[in-house]
Number of protein chains: 2
Amino acid sequence: MENKLNQQPKPRRGRPPKSSRDGSDTRAMLIRSGVAVLTESGFATAGIDGILKNVGVPKGSFYHYFKSKEDFGHAVVDSYAKYFAAKLDKYLLDDTVPPLQRIMNFSNDAKQGIVKFEFKRGCLVGNLGQEIAILPESYRLKLQDIFIVWQIKIENCLLAAKQNSEIKADVNCIQLAEYFWIGWEGAVMRARLLESVQPLDLYIDTFVSSIIAN
Amino acid sequence: MENKLNQQPKPRRGRPPKSSRDGSDTRAMLIRSGVAVLTESGFATAGIDGILKNVGVPKGSFYHYFKSKEDFGHAVVDSYAKYFAAKLDKYLLDDTVPPLQRIMNFSNDAKQGIVKFEFKRGCLVGNLGQEIAILPESYRLKLQDIFIVWQIKIENCLLAAKQNSEIKADVNCIQLAEYFWIGWEGAVMRARLLESVQPLDLYIDTFVSSIIAN
DNA sequence: TTAATTATAGACCGATCGTCTAATTAATTG
DNA sequence: CAATTAATTAGACGATCGGTCTATAATTAA
């Protein structure tokens with residue numbers, strides 16, 4: 001009776017599975033192209049062909065690496081969430097800077113990104129959230145979870161600001177962190193509409209000055 | 001030399017326009033269906049066929065009343081903006097109620113609407129704003145103008161609240177009115193994502209309590 | 001009636017959508 | 001080398017899209 005947990009005593013014939021051999025470059029390229037396209041256009045209107053053309057990969061390869069467009073979208077969102085969480089940590093955990101200033105620094109970085117792409121790209125999570133009614137149901141929980149992660153990072157920063165007496169002692173940091181991201185997505189949308197970072201400035205300034213200690 | 005302002009001395013030959021003949025206006029039905037569909041799905045992913053099916057109108061009629069989908073979209077947005085402005089006036093100009101309470105009343109009305117449609121429909125202007133990068137350029141100015149109209153209505157209400165000493169004397173009502181709509185759109189988006197009005201409650205409560213006089 | 005105009009009806013087109021199957025290429029063993 | 005197996009590519013496929021088109025029904029003046 002064979003034990004499946006034992007590795008094969010003799011190597012199998014034929015080409016070995018990929019995992020041991022390749023960094024899977026094509027797949028990563030597709031995801032990067034997907035982030036770019038979906039950040040600009042959302043999920044539903046994004047075409048596979050456009051995503052492929054950006055990186056010169058034929059269509060047949062797409063359905064080798066992803067079993068469906070929906071599956072691909074999840075990989076794109078995961079990649080974006082990972083990238084964004086790292087960016088948040090970079091600024092919000094920077095203890096060489098006062099907590100409130102960290103939030104401003106994050107905002108400035110985001111502003112630069114929006115300008116860099118000429119207001120054509122927004123927040124991927126915001127884009128998909130807006131079209132949630134026509135998205136596969138599998139996206140809802142995922143987007144909710146991402147906002148929770150972001151929210152906790154801001155919450156911790158606000159708590160640090162409170163401990164630092166930068167902000168009023170009576171603010172509810174949990175609620176305020178949720179409020180922050182609610183408004184942030186609106187500000188990104190408006191900035192794209194106006195093709196100006198002014199809404200982002202207005203948003204951050206108003207948000208911060210509504211909580212600073214006097 | 002004929003004066004264009006003079007009506008035709010003799011009635012024109014042929015079938016007269018429908019408006020003078022029939023109460024059930026096909027064009028209006030198409031627009032109403034368009035509001036429903038675009039409020040749920042946005043512009044790009046909305047199909048003409050789906051809009052027609054809702055009201056049992058054949059495709060041939062669509063391109064009789066509208067010269068293109070883009071043209072139709074403008075009519076839909078105009079209709080929505082008119083409807084929404086009337087709703088805002090209904091609440092924000094109600095001088096039987098203190099100014100800040102008027103804003104809360106508007107918010108409650110909006111909340112009911114979102115619940116009524118089971119979180120499937122959002123704000124048409126917000127939906128189209130999110131996809132502005134892939135929309136015909138003609139939409140950008142139109143959406144911007146609509147936000148300006150809404151903003152002025154809130155601004156006037158905030159000014160009344162200030163005069164009433166409901167809110168702090170040092171608030172910038174213009175900036176705050178813009179800030180209000182920036183965050184509002186984010187709150188609507190999040191409510192649809194969570195399928196809960198909690199984000200709208202959180203948003204309004206936090207906004208109001210950040211400006212009330214102490 | 002006939003002429004003129006509005007409105008309905010839906011077939012049709014090229015483009016594009018997501019998906020799938022077959023063929024090719026690459027990697028490994030005997 | 002040949003055989004075998006997996007990875008990847010290539011493009012066909014049917015469905016659907018927005019948009020156009022021609023035909024015809026409906027309505028009214030002449």
Side-chain angles (χ1 to χ4, degrees), chain A residues 7-31 33-34 37-38 41-76 131 134-136 138, chain B residues 7-31 33-34 37-38 41-53 55-76 131 134-136 138-139:
Chain A
Q7 297 303 334
Q8 59 278 16
K10 298 185 178 181
R12 292 158 56 217
R13 300 186 63 185
R15 182 172 178 170
K18 189 178 182 183
S19 58
S20 61
R21 176 180 49 86
D22 189 15
S24 193
D25 191 50
T26 304
R27 188 184 145 95
M29 287 170 62
L30 287 173
I31 289 178
S33 176
V37 172
L38 269 61
S41 73
F43 179 81
T45 62
I48 307 286
D49 287 334
I51 292 164
L52 295 170
K53 188 172 241 178
N54 285 345
V55 287
V57 170
K59 201 166 191 175
S61 298
F62 184 88
Y63 284 93
H64 169 67
Y65 291 106
F66 307 98
K67 75 168 195 269
S68 66
K69 187 189 181 189
E70 176 175 350
D71 183 53
F72 173 69
H74 279 287
V76 169
E131 54 181 342
I134 55 171
L135 247 42
S138 59
Chain B
Q7 297 303 335
Q8 59 276 17
K10 299 185 180 182
R12 292 157 57 217
R13 299 184 64 182
R15 182 174 178 169
K18 194 174 185 180
S19 59
S20 63
R21 177 176 50 83
D22 190 349
S24 77
D25 196 356
T26 303
R27 189 184 145 95
M29 288 170 61
L30 287 172
I31 290 177
S33 175
V37 172
L38 269 62
S41 72
F43 179 81
T45 61
I48 308 285
D49 289 335
I51 291 164
L52 294 169
K53 189 172 240 178
V55 287
V57 169
K59 202 167 192 174
S61 295
F62 184 88
Y63 283 93
H64 170 67
Y65 291 106
F66 307 99
K67 75 168 195 271
S68 66
K69 188 190 182 188
E70 177 174 350
D71 183 53
F72 173 69
H74 279 287
V76 169
E131 54 180 342
I134 55 171
L135 248 40
S138 59
Y139 285 84

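In what follows, chains carry the letters A, B, and so on, assigned in the order in which the sequence lines appear, proteins first and then strands, with residues in each chain numbered from 1.
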Original post:
Under the side-chain contact (heavy atoms from CB on, under 4.5 Å) test, which residues partner B:Ser61, sequence neighbours left out?
Top reply: B:Val57, B:Pro58, B:Tyr65
**OP:** Please give the nucleotide sitting opposite C:dT8 as a Watson-Crick or G-U wobble pair, both distances under 3.5 Å, or none.
**Re:** D:dA23
**OP:** Applying salt bridge (charged side-chain N to carboxylate O under 4.0 Å, His left out), name anything that partners B:Lys53, two or more places apart in sequence or on another chain.
**Re:** none
Original post:
Could you state the interatomic distance from CD1 (B:Ile51) to OG (B:Ser41), rounded to the nearest 0.5 Å?
Top reply: 7.5 Å
Original post:
So what does B:Ala44 hit on the nucleic acid, given a heavy-atom distance under 4.0 Å: a base, only sugar-phosphate, or nothing?
Top reply: nothing
Original post:
So, is A:His64 near the phosphate of D:dT8, with a side-chain N or O under 4.0 Å from OP1 or OP2?
Top reply: yes
Subject >> Below 4.0 Å: OP1/OP2 of C:dA7 and any side-chain N or O of B:Ser61 >> reply: no
Subject >> Sorted by number, the residues of residues 66-74 of chain A with heavy-atom contact under 4.0 Å to DNA chain D >> reply: none
Could you list, one pair per line, each protein nitrogen or oxygen that sits under 3.5 Å from a nitrogen or oxygen of nucleotides 21-24 of chain D, together with the distance?
none

Subject >> Which residues share a salt bridge (charged side-chain N to carboxylate O under 4.0 Å, His left out) with A:Asp71, sequence neighbours left out >> reply: none
**OP:** Identify, with sequence neighbours excluded, every residue that meets side-chain hydrogen bond (donor to acceptor under 3.5 Å, both in side chains) alongside A:Ser138.
**Re:** A:Glu70, A:His74
**OP:** With the side chain of A:Pro58 defined as its heavy atoms from C-beta on, choose the nearest nucleotide among C:dT8, D:dT8, D:dA10.
**Re:** D:dA10
